[in-house]
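One structure is given below, encoded as structure tokens.
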There are 2 protein chains.
Amino acid sequence: MIKLNDKEYTCPIDVSLSFVSGKWKILILAHLAQFEKRGFSEIRENLPGISEKMLSQQLKQLEKDHLISKSVLSLKPYRVEYRLTETGKSFSPLFSFLSNWGMDFLKKNGIDYLKDQQLYK
Amino acid sequence: MIKLNDKEYTCPIDVSLSFVSGKWKILILAHLAQFEKRGFSEIRENLPGISEKMLSQQLKQLEKDHLISKSVLSLKPYRVEYRLTETGKSFSPLFSFLSNWGMDFLKKNGIDYLKDQQLYK
DNA sequence: AATCGGGGTTACCATTTGGTAAGTTATTGA
DNA sequence: TCAATAACTTACCAAATGGTAACCCCGATT
């Protein structure tokens with residue numbers, strides 16, 4: 001067992017997973033990898049089905065883990081901006097692998113995601 | 001939204017994640033990627049903390065999703081062997097990325113996993 | 001004055017996930 | 001004969017996760 005910050009990990013993969021596991025984390029990170037900077041509602045609109053509570057929770061955890069950073073653009077009215085940190089960006093190969101794997105799988109099942117993308121509005 | 005087999009996915013990444021999300025799945029797959037073929041107890045011993053119930057559940061799901069295959073070597077006594085299918089093997093880049101990312105992170109935190117491995121018996 | 005949009009929080013509840021412990025069948029070794 | 005090992009299953013319970021809905025402030029638009 002590996003011990004770090006009072007937590008135990010069975011192996012390095014376990015360490016990595018502790019950052020990105022959670023129902024929406026990878027999806028949020030991948031979105032930010034694509035768009036550079038996004039507001040709360042922009043992220044929400046890109047993840048059909050996520051509730052504001054969930055989004056808020058996951059963003060907080062990602063921020064705590066230093067994978068994303070939040071800038072408050074103005075207090076009144078309250079406007080924010082989320083973006084990946086360097087640590088967050090270091091997961092990019094993960095997002096592209098998962099995205100490519102998923103597109104491959106879809107293709108084998110008769111769905112051409114890239115071609116049909118306009119259908120998924 | 002992408003529809004496949006009565007389920008909905010927000011994007012290709014979501015499709016990929018549906019196969020490998022779950023507390024122990026990636027760890028089990030990565031172990032099988034390393035060892036080719038393993039019995040039930042061999043896997044369990046490699047994942048400190050997993051219960052037999054969990055291992056049994058996760059193996060069943062992985063088998064149902066065709067990421068691993070199970071061979072029954074003998075009925076009396078009951079002996080089995082698990083290994084990755086070709087689909088399972090196609091996730092290998094994922095395992096190596098996560099493993100390398102984890103080792104990098106550990107190194108930045110003063111832990112040299114490769115060097116200290118013998119300590120983690 | 002009322003509504004919309006941005007960016008949230010809170011309370012409550014249901015579902016899912018995970019943990020513990022015990023039981024099962026069968027063989028091998030001391 | 002007793003214990004250990006392999007490969008599970010089952011029952012019961014606790015904790016974590018996730019969903020719904022309502023509520024908050026604030027400013028701009030209609």
Side-chain angles (χ1 to χ4, degrees), chain A residues 1 6-10 13-14 17-29 31-32 35-65 68-83, chain B residues 1 6-10 13-14 17-29 31-32 35-65 68-83:
Chain A
M1 287 293 232
D6 296 335
K7 283 173 195 162
E8 300 199 326
Y9 305 92
T10 69
I13 293 182
D14 205 14
L17 290 176
S18 73
F19 287 93
V20 295
S21 69
K23 197 180 176 188
W24 300 95
K25 280 188 188 170
I26 291 184
L27 262 22
I28 293 170
L29 293 170
H31 180 69
L32 290 175
F35 286 97
E36 198 76 26
K37 53 185 178 183
R38 300 301 264 176
F40 187 88
S41 298
E42 289 175 309
I43 302 173
R44 189 193 50 204
E45 277 152 33
N46 195 259
L47 302 178
I50 197 172
S51 68
E52 300 194 333
K53 177 186 123 184
M54 277 305 301
L55 180 53
S56 181
Q57 279 178 1
Q58 305 273 301
L59 287 170
K60 261 178 200 155
Q61 289 179 32
L62 290 170
E63 208 194 339
K64 207 185 70 193
D65 284 339
I68 64 173
S69 64
K70 172 182 181 176
S71 318
V72 176
L73 300 181
S74 85
L75 280 170
K76 297 187 176 188
Y78 191 59
R79 293 288 180 274
V80 298
E81 199 173 85
Y82 295 94
R83 55 177 78 209
Chain B
M1 290 291 233
D6 296 334
K7 283 175 193 157
E8 299 199 328
Y9 306 92
T10 71
I13 294 181
D14 205 14
L17 291 176
S18 73
F19 287 93
V20 296
S21 69
K23 197 179 175 188
W24 301 95
K25 280 189 189 171
I26 291 183
L27 262 23
I28 293 170
L29 292 171
H31 179 68
L32 290 176
F35 286 98
E36 199 76 26
K37 53 186 177 184
R38 300 299 266 175
F40 187 89
S41 297
E42 289 175 309
I43 302 174
R44 188 194 53 207
E45 277 152 32
N46 196 259
L47 302 178
I50 197 173
S51 68
E52 300 195 331
K53 178 186 122 183
M54 277 305 300
L55 179 53
S56 182
Q57 280 176 1
Q58 306 272 300
L59 287 171
K60 261 178 201 154
Q61 289 178 32
L62 290 170
E63 208 195 338
K64 206 184 68 192
D65 285 339
I68 65 172
S69 64
K70 172 183 181 178
S71 317
V72 177
L73 301 181
S74 84
L75 280 171
K76 298 188 176 188
Y78 191 60
R79 292 289 178 273
V80 298
E81 199 174 85
Y82 295 94
R83 56 178 78 208

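Just so we're on the same page: letters track the sequence lines, and every chain starts at 1.
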Whole angstroms only, please: what is the [atom1]-[atom2] distance between [X] and [N]?
| X | N | atom1 | atom2 | answer |
| --- | --- | --- | --- | --- |
| M54(A) | dC12(C) | CE | P | 20 Å |
| R79(A) | dC26(D) | CZ | P | 13 Å |
| Q57(B) | dT16(C) | CD | C1' | 11 Å |
| L55(B) | dG18(C) | CG | C1' | 14 Å |
| E52(B) | dA11(D) | CD | C1' | 16 Å |
| W24(B) | dG19(C) | CH2 | C1' | 11 Å |
| L59(B) | dG18(C) | CG | P | 14 Å |
| I43(B) | dA6(D) | CD1 | P | 13 Å |

Would the distance check show the side chain of S21(B) and the main-chain N or O of L17(B) forming a donor-acceptor pair, the cut-off being under 3.5 Å?
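Flag set: sc S21(B) to bb L17(B) pair under 3.5 Å.
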Report the C-alpha separation of W24(A) and L55(A) in whole Å, then their side-chain angles, then the decisive distance to 0.1 Å, and conclude whether the side chain to side chain contact (heavy atoms under 4.5 Å, CB included) test is met.
CA-CA 8 Å; W24(A) 300 95; L55(A) 180 53; over 6 Å; no
Could you please name the option among dG18(D), dC8(D), dA26(C) that lies closest to any side-chain atom of Y78(B)?
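Per side-chain heavy atoms of Y78(B), the pick is dC8(D).
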Using the side-chain heavy atoms of Y82(A), tell me which of these nucleotides is nearest: dC8(D), dG8(C), dC26(D).
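Nearest listed nucleotide: dG8(C).
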What I'd like to find out is whether the side chain of I43(B) reaches to under 4.5 Å of the side chain of L59(B), using heavy atoms alone.
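They are in side-chain contact.
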Phosphate-side-chain proximity, [X] and [N], N/O vs OP1/OP2 below 4.0 Å:
| X | N | value |
| --- | --- | --- |
| S41(A) | dG7(C) | yes |
| K70(B) | dC8(D) | yes |
| K53(B) | dT17(C) | no |
| K76(B) | dT28(C) | no |
| K60(A) | dT9(C) | yes |
| S56(A) | dT9(C) | yes |

Minimum-distance pair of heavy atoms, taken over all atoms of V20(B) and I26(B)
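Where V20(B) meets I26(B) most closely, the heavy atoms are O-CG1, 3.5 Å.
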Nearest heavy atoms of K37(A) and E42(A), plus distance in Å
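Taking K37(A) first and E42(A) second, the nearest heavy atoms are O-OE1, 4.5 Å.
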Pick base, sugar-phosphate or nothing for G39(A), based on heavy-atom distances below 4.0 Å to the nucleic acid.
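Since only primed, P, OP1 and OP2 atoms lie under 4.0 Å of G39(A), the category is sugar-phosphate.
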Nearest-nucleotide comparison on DNA chain D, the residue closer to the 5′ end among L75(A) and Q58(A):
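Taking each residue's closest nucleotide, the earlier one in sequence belongs to Q58(A).
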For P77(A) and for G49(A), find the nucleotide of DNA chain D with the closest heavy atom, then tell me which residue's nucleotide is more 5'.
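Mapping each residue to its closest nucleotide by heavy atoms, the 5'-most match is G49(A).
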